[in-house]
Amino acid sequence: MMEQELNSKLRIQNNAPNAQRSKSFAFRAPQVNFTIQDFELGKIYGVGSYSKVVRAKKKDTGNVYALKIMDKKFITKENKTAYVKLERIVLDQLDHPGIVRLFFTFQDTFSLYMGLESCEGGELFEQITRKGRLSEEEARFYAAEVADALEYIHSMGLIHRDIKPENLLLTADGHIKVADFGSVKPMQDSRITVLPNAASDDKACTFVGTAAYVPPEVLNSSPATFGNDLWALGCTLYQMLSGTSPFKDASEWLIFQRIVARDIRFPNHFSDEARDLIDRLLDIDPSRRPGAGPDGYASLKNHPFFREVDWDSLRSQTPPCLAAEPKAIPNLQAHSTRSSGEDHDSSLNPSHIGDGSARTNDGNGGATSSSEAGSITRLASIDSFDSKWKQFLEPGESVLMISMVKKIQKLTSKKVQLILTNKPKLIYVDPSKLVVKGNIIWSDNSNDLSIQVTSPSQFKVCTPKKVLSFEDAKQRAMQWKKAIEALQNR
């Protein structure tokens, strides 16, 4: 029943690329008769509440896409159909070098799929994390390309509402592309054709986006404006130059308090021009933010921070050099306990997606050797290992990484002992009561687990059933990610 209901809402009348969907609208990106088995699936780019984005290579053409896979059951249950349809329609009509391109869509019994442009340079967030912070020259280039894309988005009568470094992707040569239009809101005078049953919320202002980048007017339930995106641009520029978001705190509630109070602290290394631009973009009054006033984007482009930018040739200029992805922990592949016959980049099994059938693994099985465990242990920079944690291990199980971290929830955070073992298993223990509060075992379903680093100290462990957020005070979020992913790739 659920499938029939969703299909009736999302049905497209004809699979031909130029078929009329209404009297005045034709999709540029067609709905095609592909199946998930037509693709070789690679690494997971990101995970959301009802979707994941994976690298997907079309088997017959070799073309690489970022395939957004959305759970039909969740979409129906949470009444997200209109949002999904709106994102598809908006992406279909946007045409700008700074926005990810939608090439096709398809669906099966369980999932909806969007074939998007693959940005092989990764997220801007990853560049900030790898470099610690960006130089002012690098930040200027990226901020200019984001501003250029936002000017186009706003000229189309759209508010993105989730601008942040994770949604700013980089092409292989290093140019910015704005992605993830799942929170987009068309204004009344929008130039986008919006079909029936494809509209965002009708309330004056609904909380969407990411806590650290949400403007104060949204928290005060004011109507959405283009200024919302410009506030997020200011937060993003601050993060590029400092390595962290301007309102970072221990919980969402504390972040919101700092935003409403406009509690901003500028590092000493910020130039006067950068400080002034961020200060103006983070104005409490959205109409005073550069780009939102009567002068439009001229007031933003003419700011002294952008003095050296040639706006007309921005996309043909040479971007900053990309920082390489950190090398994986060595020797893990050499000690692999199984072999799937696929390249090491494959990290998603389609058996749980759509109508896909499971791939077979011709592995040898067997436990991790003690020499392997020792190698990983040394390379993972473990804290001193107290024998009291051994009670939580099974016979033959050894610790690969351990640290006292904060488990972050919406309004609170609590210290837990986080332990990664060679099972592989991730355990978090109440350190005072010495009680296991939860564990994640992925030896049989490794592809259902992904790790998202959100700052040098914070990371999320994402499974189909839950998302857990942790903060490591020693800023080893990327080490946790690499250690866990290395075990997934064994």
Practice problem: Supply the atom-to-atom distance Y213 OH to K164 NZ, rounded to the nearest 0.5 angstrom. | Solution: 7.0 Å
Quiz item: Are L281 and W231 side-chain neighbours, meaning at least one heavy-atom pair lies under 4.5 Å?
Solution: no
Quiz item: For R288 and D283, what are the C-alpha separation, side-chain angles and deciding distance, and is it a salt bridge (Lys or Arg N to Asp or Glu O under 4.0 Å)?
Solution: CA-CA 7 Å; R288 291 204 300 257; D283 196 302; 2.9 Å; yes
Quiz item: For K481, does the NZ atom have more than 12 heavy-atom neighbours from other residues, nucleotides or ligands under 6.0 Å away?
Solution: yes
Quiz item: Side-chain contact, heavy-atom cut-off 4.5 Å: D71 with K52?
Solution: no
Self-check item: Student check: side-chain heavy atoms of I163 and V178 closer than 4.5 Å
Solution: yes
Quiz prompt | Side chains of L91 and V184 in contact at under 4.5 Å (non-hydrogen atoms) | solution = no
Quiz item: Is there a donor-acceptor contact under 3.5 Å linking the side chains of S457 and K248?
Solution: yes
Quiz item: Going by distance alone, is a donor N or O of one side chain under 3.5 Å from an acceptor N or O of the other, for T210 and D162?
Solution: yes
Self-check item: Any donor-acceptor N/O pair, N220 side chain to P216 backbone, under 3.5 Å
Solution: yes
Exercise. Give a yes or no on whether a salt bridge exists between K414 and D430, defined as a side-chain N under 4.0 angstrom from a carboxylate O.
Key: yes
Quiz item: When you check the side-chain N and O atoms of Q452 and S450, is any donor under 3.5 Å from an acceptor?
Solution: no
Quiz item: Using 4.0 Å as the upper bound for N to carboxylate O, is an ion pair formed by D279 and R275?
Solution: no
Self-check item: Derivation and outcome, ring-ring contact (aromatic ring centres under 6.0 Å, His included), residues F104 and Y113
Solution: CA-CA 8 Å; F104 56 81; Y113 303 87; 9.5 Å; no
Quiz item: Counting N and O atoms only, with roles assigned by atom type, does the side chain of R280 sit under 3.5 Å from a partner on the main chain of P290, one being a donor and the other an acceptor?
Solution: no
Quiz item: So how far is it from M240 CE to Y142 OH, rounded to the nearest 0.5 Å?
Solution: 9.0 Å
Quiz item: Just checking, any donor-acceptor pair under 3.5 angstrom between side chains of D310 and Q317?
Solution: no
Quiz item: Below 6.0 angstrom between ring centroids: does that apply to W311 and F141?
Solution: no
Quiz item: Salt bridge between K131 and E138, side-chain N to carboxylate O under 4.0 Å?
Solution: yes
Quiz item: Are the side chain of N422 and the backbone of P424 linked by a donor-acceptor contact shorter than 3.5 Å?
Solution: no
Self-check item: Salt bridge flag under 4.0 Å for residues K68 and E87
Solution: yes
Practice problem: Starting at CZ of F392, measure out to OG1 of T421 and round the result to the nearest 0.5 Å. | Solution: 13.0 Å
Quiz prompt | N/O donor-acceptor pair under 3.5 Å between Q107 side chain and L112 backbone | solution = no
Exercise. Walk me through it: do R133 and L241 pass the test side chain to side chain contact (heavy atoms under 4.5 Å, CB included)?
Key: CA-CA 5 Å; R133 67 176 192 239; L241 291 169; over 6 Å; no
Exercise. Can you see which heavy atom on Y297 is nearest to which on L230, and at what distance?
Key: OH-CD2, 3.7 Å
Practice problem: Say whether S245 and Q239, considering side chains only, have a donor N or O and an acceptor N or O under 3.5 Å apart. | Solution: no
Self-check item: Spacing of L150 atom CG and Y152 atom OH [to the nearest 0.5 Å]
Solution: 13.0 Å
Quiz item: Taking the six-membered ring where the residue is Trp, are the ring centres of F270 and Y238 under 6.0 Å apart?
Solution: yes
Quiz item: So do L94 and L158 actually touch side chain to side chain, heavy atoms under 4.5 Å?
Solution: yes
Practice problem: Report yes if some heavy atom in the side chain of I176 is under 4.5 Å from a heavy atom in the side chain of L169; otherwise report no. | Solution: no
Quiz item: Under 3.5 Å, is there a donor-acceptor pair linking the side chains of H160 and N228?
Solution: no
Practice problem: Check for a donor-acceptor pair, side chain of H175 on one end and backbone N or O of E145 on the other, with a separation under 3.5 Å. | Solution: no
Quiz item: So, for L237 and A139, which heavy atoms are closest and what is the spacing to 0.1 Å?
Solution: CD1-CB, 4.0 Å
Practice problem: Please say whether the positively charged group of R55, taken as NZ for Lys or CZ for Arg, lies over the ring of Y45, i.e. under 6.0 angstrom from the six-membered ring centre and within 45 degrees of the axis. | Solution: no
Exercise. Could you walk me through whether Q417 and I402 pass side chain to side chain contact (heavy atoms under 4.5 Å, CB included), step by step?
Key: CA-CA 7 Å; Q417 190 77 24; I402 183 169; 3.0 Å; yes
Self-check item: Ring-face cation contact, F74 with K77, 6.0 Å cut, 45° max
Solution: no
Quiz prompt | Lys/Arg-Asp/Glu bridge criterion (N-O < 4.0 Å) met for D148, R315 | solution = yes
Quiz prompt | Interatomic spacing from CD in Q409 to NZ in K406 - rounded to 0.5 Å | solution = 13.0 Å
Practice problem: Kindly indicate whether the side chain of L67, heavy atoms from C-beta on, has any atom under 4.5 Å from the side chain of V53. | Solution: no
Quiz item: Quick one: does T463's side chain have a donor or acceptor within less than 3.5 Å of a partner on K466's backbone?
Solution: yes
Practice problem: Would you please indicate yes or no on a ring centroid separation below 6.0 angstrom for F247 and F256? | Solution: no
Exercise. Can you see which heavy atom on A147 is nearest to which on L233, and at what distance?
Key: CB-CD2, 4.4 Å
Quiz item: Is there a donor-acceptor pair closer than 3.5 Å between any side-chain N or O of K437 and the backbone N or O of V429?
Solution: no
Quiz item: For D263, does its backbone N or O pair with a side-chain atom of R258 as donor and acceptor, under 3.5 Å?
Solution: yes
Quiz prompt | Nearest heavy-atom neighbours spanning P267 and S242 | solution = CG-CB, 4.1 Å
Quiz item: So does R28 pair up with D92, basic N to acidic O under 4.0 Å?
Solution: no
Exercise. Please name the pair of heavy atoms, one in H303 and one in E273, separated by the smallest distance, quoted to 0.1 Å.
Key: CE1-O, 3.3 Å
Quiz item: For E123 and L170, what are the C-alpha separation, side-chain angles and deciding distance, and is it a side chain to side chain contact (heavy atoms under 4.5 Å, CB included)?
Solution: CA-CA 6 Å; E123 299 172 357; L170 294 162; over 6 Å; no
Practice problem: Test side chain to side chain contact (heavy atoms under 4.5 Å, CB included) on K73 and F110 and set out the steps. | Solution: CA-CA 7 Å; K73 185 176 181 180; F110 302 106; over 6 Å; no
Quiz item: Is the shortest heavy-atom distance from the side chain of L282 to the side chain of C235 under 4.5 Å?
Solution: yes
Practice problem: Please report the closest heavy-atom contact between V467 and C462, naming both atoms and the distance. | Solution: CG1-SG, 4.0 Å
Quiz item: So how far is it from W480 CH2 to I451 CD1, rounded to the nearest 0.5 Å?
Solution: 10.0 Å
Exercise. For the pair Q127 (side chain) and A323 (backbone), establish whether a donor and an acceptor sit closer than 3.5 Å, ignoring hydrogens and angles.
Key: yes
Quiz item: So, the side chain of E471 versus the backbone of K407: is there a donor-acceptor pair under 3.5 Å, distance only?
Solution: no
